[in-house]
Number of protein chains: 2
Amino acid sequence: MIYGDLEAILRAHAMRITACRIDVLDSFLGTGHALSFKDLEGKLTQYDRVTLYRTLNSFIDKGIIHKIFSDSGFISFGICYDTCSPHHHHHNHVHFKCDACGNIECLPSYHVPVPEISGYKITEANLLVNGLCSKCISN
Amino acid sequence: MIYGDLEAILRAHAMRITACRIDVLDSFLGTGHALSFKDLEGKLTQYDRVTLYRTLNSFIDKGIIHKIFSDSGFISFGICYDTCSPHHHHHNHVHFKCDACGNIECLPSYHVPVPEISGYKITEANLLVNGLCSKCISN
DNA sequence: GTATAAATGCAATAGAGTTGCAAATAGATG
DNA sequence: CATCTATTTGCAACTCTATTGCATTTATAC
Ligand SMILES: [Mn+2]
Ligand SMILES: [Mn+2]
Ligand SMILES: [Zn+2]
Ligand SMILES: [Zn+2]
């Protein structure tokens with residue numbers, strides 16, 4: 001992605017421009033799927049692990065990325081779309097995990113179907129779907 | 001729960017009868033919600049942490065309980081209903097987490113609504129719903 | 001350019017869970 | 001009931017992930 005655009009995103013979220021933040025943001029915007037800490041650690045070896053952790057946490061705080069909890073406790077991070085602001089995330093899209101390639105994707109055009117549960121009040125719902133992604137189906 | 005019934009469950013799953021297993025099983029069957037490792041560790045202080053971990057893992061292997069991953073990475077365990085056997089779990093029920101009391105419940109009578117995702121093949125889906133449970137609504 | 005608050009790197013720490021191994025014990029057998 | 005064996009347990013050590021404290025460096029406002 002163009003450097004100026006990455007800078008603009010950080011500025012829009014009142015964050016200082018640093019090399020690590022630019023590189024992490026670029027990693028998220030340059031891939032079609034969610035990234036794990038290991039993905040970033042493996043790719044951006046020039047930064048300390050702690051700095052990467054802090055970068056991810058600050059991006060979450062600012063509403064730039066969100067944490068995705070998949071089965072087996074595996075954690076990854078996806079970019080936020082519209083309705084996220086500092087200290088308040090609101091997502092209603094489906095998460096997909098491919099059992100072949102292991103990639104986790106946000107599917108922003110698929111909203112989580114929320115069931116009615118009698119006697120309960122529902123405020124949020126998270127759906128994780130497993131299966132084969134479009135790439136792996138055609139291979 | 002009656003001791004003989006607990007024994008019978010362990011025998012039905014080809015497990016030896018031990019005090020720890022009886023107590024853990026009794027804890028699960030005597031509560032209306034899922035239990036975390038911390039819940040069990042706090043309640044069954046007479047057993048070593050490692051023994052509790054191993055007990056939970058063997059119950060999962062045998063299809064007696066299943067792991068529930070909720071938001072913020074919090075892990076709890078719920079009893080399995082019908083379709084689970086050694087080394088193969090199959091659940092399609094909704095999980096509910098109450099934001100007031102923190103309890104996590106299996107809702108076996110609510111099946112996860114599985115969306116069609118064009119170009120993808122779906123094999124499994126997990127839905128976690130947040131809100132207020134029936135007890136907390138009436139308080 | 002200087003001042004200041006924020007960000008970074010490194011070391012130490014915290015927490016969750018697992019593994020190795022010797023001692024204890026459940027269940028089988030005679 | 002006594003004995004044998006495989007399983008289970010408890011303890012210590014260890015692994016893995018993530019966070020915290022602190023001194024140093026750096027981004028930004030002036
Ligand atoms: Mn997402
Ligand atoms: Mn369940
Ligand atoms: Zn795939
Ligand atoms: Zn509640």
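Every chain is numbered from 1 and lettered A, B, ... according to where its sequence line falls, protein lines coming before strand lines.
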TODO: For each nucleotide in nucleotides 14-22 of chain C, reading 5' to 3', give B when a protein heavy atom comes within less than 4.0 Å of its base, S when such contact involves only the sugar-phosphate, and - otherwise.
DONE: --SBBBB--
TODO: Determine which pairs satisfy salt bridge (charged side-chain N to carboxylate O under 4.0 Å, His left out) with at least one residue from residues 107-136 of chain B, sequence neighbours left out, and list them in order.
DONE: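 Every candidate salt bridge (charged side-chain N to carboxylate O under 4.0 Å, His left out) pair involving residues 107-136 of chain B fails, so no pair, neighbours aside, qualifies.
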Starting from [atom2] on [N], measure out to [atom1] on [X] and report it in whole angstrom.
X     : N      : atom1 : atom2 : result
A/D61 : D/dT19 : CG    : P     : 11 Å
A/D48 : D/dC22 : CG    : C1'   : 14 Å
A/L52 : D/dT19 : CG    : C1'   : 14 Å
A/L56 : D/dT17 : CG    : P     : 14 Å
A/Y47 : D/dT25 : OH    : C1'   : 14 Å

Task: Residue list, salt bridge (charged side-chain N to carboxylate O under 4.0 Å, His left out) with B/D71, at least two apart or on another chain - done: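 So B/D71 forms a salt bridge (charged side-chain N to carboxylate O under 4.0 Å, His left out) with B/K97.
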TODO: With sequence neighbours excluded, tell me which residues meet salt bridge (charged side-chain N to carboxylate O under 4.0 Å, His left out) with A/R49.
DONE: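 With neighbours one apart ignored, the set is A/E41.
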- [ ] Quick one: list whatever passes ring-ring contact (aromatic ring centres under 6.0 Å, His included) with A/F96, sequence neighbours left out.
- [x]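 Partners of A/F96 by the ring-ring contact (aromatic ring centres under 6.0 Å, His included) criterion, ordered by chain and then number, come out as B/Y120.
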Task: Pairs touching residues 17-56 of chain A that satisfy ring pair (Phe, Tyr, Trp, His ring centres under 6.0 Å), sequence neighbours left out - done: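 Passing the test, one end in residues 17-56 of chain A: A/F37-A/Y53.
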TODO: Of all the heavy-atom pairs spanning A/V114 and A/A125, show the shortest one and how long it is.
DONE: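 For A/V114 and A/A125, the tightest heavy-atom pair comes out as CG2-CB, 3.9 Å.
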- [ ] Please report the closest heavy-atom contact between A/Y81 and A/C106, naming both atoms and the distance.
- [x]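 Closest approach of A/Y81 to A/C106: OH-CB, 3.4 Å.
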Task: Helix axis bend for the helix from C/dG1-D/dC30 to C/dG30-D/dC1 - C1'-based end axes, five pairs, 10° rounding - done: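 Answer rounded to 10°: the end axes differ by 30°.
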Open item on the list: Under a 3.5 Å cutoff, is there a donor and acceptor pairing between the side chains of A/S58 and A/D61?
Closed with: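 There is no such pair (donor and acceptor under 3.5 Å, judged by atom type) between the side chains of A/S58 and A/D61.
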Task: A/D26 (side chain) donor-acceptor with A/M1 (main chain) under 3.5 angstrom - done: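 Side chain of A/D26 to backbone of A/M1: a pair is present.
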Task: Other cluster members, B/L132 - Ile/Leu/Val/Met/Phe/Trp/Tyr, side-chain contacts below 4.5 Å - done: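 Via sub-4.5 Å side-chain contacts, B/L132 links to B/I137.
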Task: Transitive ILVMFWY cluster of B/I68, excluding itself - 4.5 Å side-chain cut-off - done: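 Once heavy-atom contacts under 4.5 Å are chained together, B/I68 belongs with B/F74, B/I104.
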Could you write out each protein N or O paired with an N or O of nucleotides 28-30 of chain C at a distance under 3.5 Å?
none

Under 3.5 Å, which donor-acceptor pairs link side chains of residues 8-20 of chain A to any protein atom two or more places apart or in another chain?
residue	atom	partner	partner atom	Å
A/R11	NH2	A/E7	OE1	3.3
A/H13	ND1	A/I9	O	2.9
A/T18	OG1	A/R21	N	3.3

Task: Close residues, residues 7-24 of chain B, relative to DNA chain D [heavy-atom separation under 4.0 Å] - done: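 Listed by number, they are B/R16, B/T18, B/C20, B/R21.
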Task: Check: A/H66 ring centre within less than 6.0 Å of A/H91 ring centre - done: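 Judged by ring-centre distance (under 6.0 Å), A/H66 and A/H91 do meet the cut-off.
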